[in-house]
*Asks:* 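Got a structure here, written out as structure tokens. Questions coming.
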Protein chains: 2
Amino acid sequence: MSEAPRKRGRPPSIDSAAAMQAVVELFRAKGFAAVSLDDLSDATGLSRPSLYRSFGDKLSMYMAAMDAFGAQVEQAAVPALLREGDLKTALSEFYDEMLAIYYRDDSIAAGCLVYGTAPGSADLSAVKSRLFASIEQLDDAMRDRIVRSFPDAEEGIINAAAQIASNTLMAFSARAKSGAPKDELSVMGAQSAHAICTLLEDT
Amino acid sequence: MSEAPRKRGRPPSIDSAAAMQAVVELFRAKGFAAVSLDDLSDATGLSRPSLYRSFGDKLSMYMAAMDAFGAQVEQAAVPALLREGDLKTALSEFYDEMLAIYYRDDSIAAGCLVYGTAPGSADLSAVKSRLFASIEQLDDAMRDRIVRSFPDAEEGIINAAAQIASNTLMAFSARAKSGAPKDELSVMGAQSAHAICTLLEDT
DNA sequence: TTATTTATGTACGAAACAGTACAAAATGCA
DNA sequence: TGCATTTTGTACTGTTTCGTACATAAATAA
């Protein structure tokens, strides 16, 4: 499996993962339409033809960037949500992990690549579908986690709680982009988690 | 005041309000960066030089569109929030009015001009400031309305409730753009209102 | 060494774009 | 009727942008 059959021609000299990370950060900061291929070329250090060969056209790059960003979220934040323990701390810690990503790029509050920039480009059907899938995935993850802590809650309440939990995260992206300080959102996340638990316990 | 002193030169032949409405719809559907002046020219029926004279450059048009959109929200939805009665129905009806705007343009779910497209263009400082102001305004309106129904609630709870109420609306825009059906969001709004009231009553 | 295969960047062409100069059109005023 | 004033669209400039053709570079295979 890990055999390297030594390929034939000139070996690639580009760091594909690092380039993709630069692509993610650029789209995250400026959105889809405002980024030109020259911008991407500058940010990655790859020539425009190399970009095409590696990632296809601009839309493909954007979609790939969303995949990469999603993988980072999956790896960094989702484990906090799934950890054992009470729902309130799990949610709070999940939000904090997401905020660490949203505020990752020191100076600018880059926010969420998906929830922050995809809605503005949802006239492209591929983007719209991807956004829908991401939201659905988030709702499902929230619902599953809630059921785990409150197995006897009725379905309507569970759905409402899950959606509120999702909505909080989506709003975080907009708030981060607007320049809201990270600490403020962290408190907001804890309060939101508290409210969700109150709702679930109360019924 | 309403005197028309009959101006001197050639009278304007353009309907400035209708043109602005077309500008709003275009930016709402495609975001800031993806719209070209030729698109705006086609949509409004105004020539490019006329657009410059009437509204300035593209960024000015976008800012003016956000003002116009905000005025529509102020006129159509905010009264529902401020109406007398219990908080739950006031919130639910406010959400429904906002959804009517978000889904206004029959075919496409245009969502919110501010929360849907501004985050993706927040690297422009003017847009970022405008987004921040809009969110702050929404939070304040929610807080005021909540205090009116729950004057004795403690401040921390009020803030949390207000932010949840705001977050719900912001998430609506993203969900609408993703293609979520309007009815689904209407139910979500009612459930969110219910949760907020539960939180306030419970403490 | 020579041929083959793969990767890379320079350089090109076509299209889209923003912004403006300028002349024509439409009104009031004398 | 002519003059001043304001609006309007055509036409033009320089720039940006996308996408690709093509020649060069770096490796393996024979």
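Remember, predicted model here, so these are calculated numbers, not experimental data. Letters A, B, ... mirror the listed sequences (proteins, then strands); counts begin at 1.
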*Asks:* Using atom CG of A:Leu51 as one end and atom P of D:dT17 as the other, report the distance to the nearest whole Å.
*Replies:*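 Rounding to the nearest Å, CG of A:Leu51 and P of D:dT17 are 14 Å apart.
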*Asks:* How does protein reach along nucleotides 12-18 of chain C, written 5' to 3' as B (base within reach of a heavy atom under 4.0 Å), S (only sugar-phosphate), or - (no contact)?
*Replies:* -----SB
*Asks:* So that I can tick it off, tell me whether B:Arg175 and A:Asp139 are bridged by a salt bridge, with the cut-off set at under 4.0 angstrom between side-chain N and carboxylate O.
*Replies:*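 Salt bridge between A:Asp139 and B:Arg175, a charged N being under 4.0 Å from a carboxylate O: yes.
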*Asks:* When you check the side-chain N and O atoms of B:Thr89 and B:Asp86, is any donor under 3.5 Å from an acceptor?
*Replies:*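 Note: B:Thr89 and B:Asp86 side chains meet the donor-acceptor criterion.
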*Asks:* Set out, in order, the CA-CA distance, both residues' side-chain angles and the distance that settles side chain to side chain donor-acceptor pair (under 3.5 Å) for A:Ser134 and A:Tyr115, then state yes or no.
*Replies:* CA-CA 9 Å; A:Ser134 283; A:Tyr115 304 133; 5.3 Å; no
*Asks:* Using atom names, set out every protein N or O paired with an N or O of nucleotides 6-8 of chain D below 3.5 Å, distance rounded to 0.1 Å.
*Replies:*
from	atom 1	to	atom 2	distance (Å)
D:dT6	O2	B:Arg10	N	3.1
D:dT7	O4'	B:Arg10	O	3.3
D:dT7	O2	B:Arg10	NH1	3.2
D:dT8	OP1	B:Ser13	N	2.5
D:dT8	OP1	B:Ser13	OG	3.2
D:dT8	OP1	B:Ile14	N	3.3

*Asks:* Between A:Tyr102 and A:Ser173, is there a side-chain heavy-atom distance shorter than 4.5 Å?
*Replies:*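 Of all side-chain heavy-atom pairs linking A:Tyr102 with A:Ser173, at least one is under 4.5 Å.
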*Asks:* How many Å lie between CG on A:Leu40 and P on D:dG19, as a whole number?
*Replies:*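 Whole-Å distance recorded here is 11 Å.
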*Asks:* For the pair A:Thr117 and A:Phe32, evaluate side-chain contact (heavy atoms from CB on, under 4.5 Å) and give the outcome as yes or no after the intermediate values.
*Replies:* CA-CA 7 Å; A:Thr117 72; A:Phe32 173 68; 5.7 Å; no
*Asks:* Whether A:Lys177 and B:Asp123 form a salt bridge (side-chain N of Lys/Arg under 4.0 Å from carboxylate O of Asp/Glu) is what I want to check.
*Replies:*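 Answer for the salt bridge query: no.
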*Asks:* Look at the side chain of B:Ser50 and the backbone N and O of B:Leu46, then say whether any donor-acceptor pair between them is shorter than 3.5 Å.
*Replies:*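 Flag not set: sc B:Ser50 to bb B:Leu46 has no pair under 3.5 Å.
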*Asks:* What is the separation between atom CE on A:Met61 and atom C1' on D:dG19, rounded to the nearest whole Å?
*Replies:*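 After rounding, the reported distance stands at 11 Å.
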*Asks:* I'd like to know if the side chain of B:Thr198 and the backbone of B:His194 have a donor-acceptor N/O pair within less than 3.5 Å.
*Replies:*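 Yes, the answer is positive, given that a donor and an acceptor are paired below the 3.5 Å cut-off.
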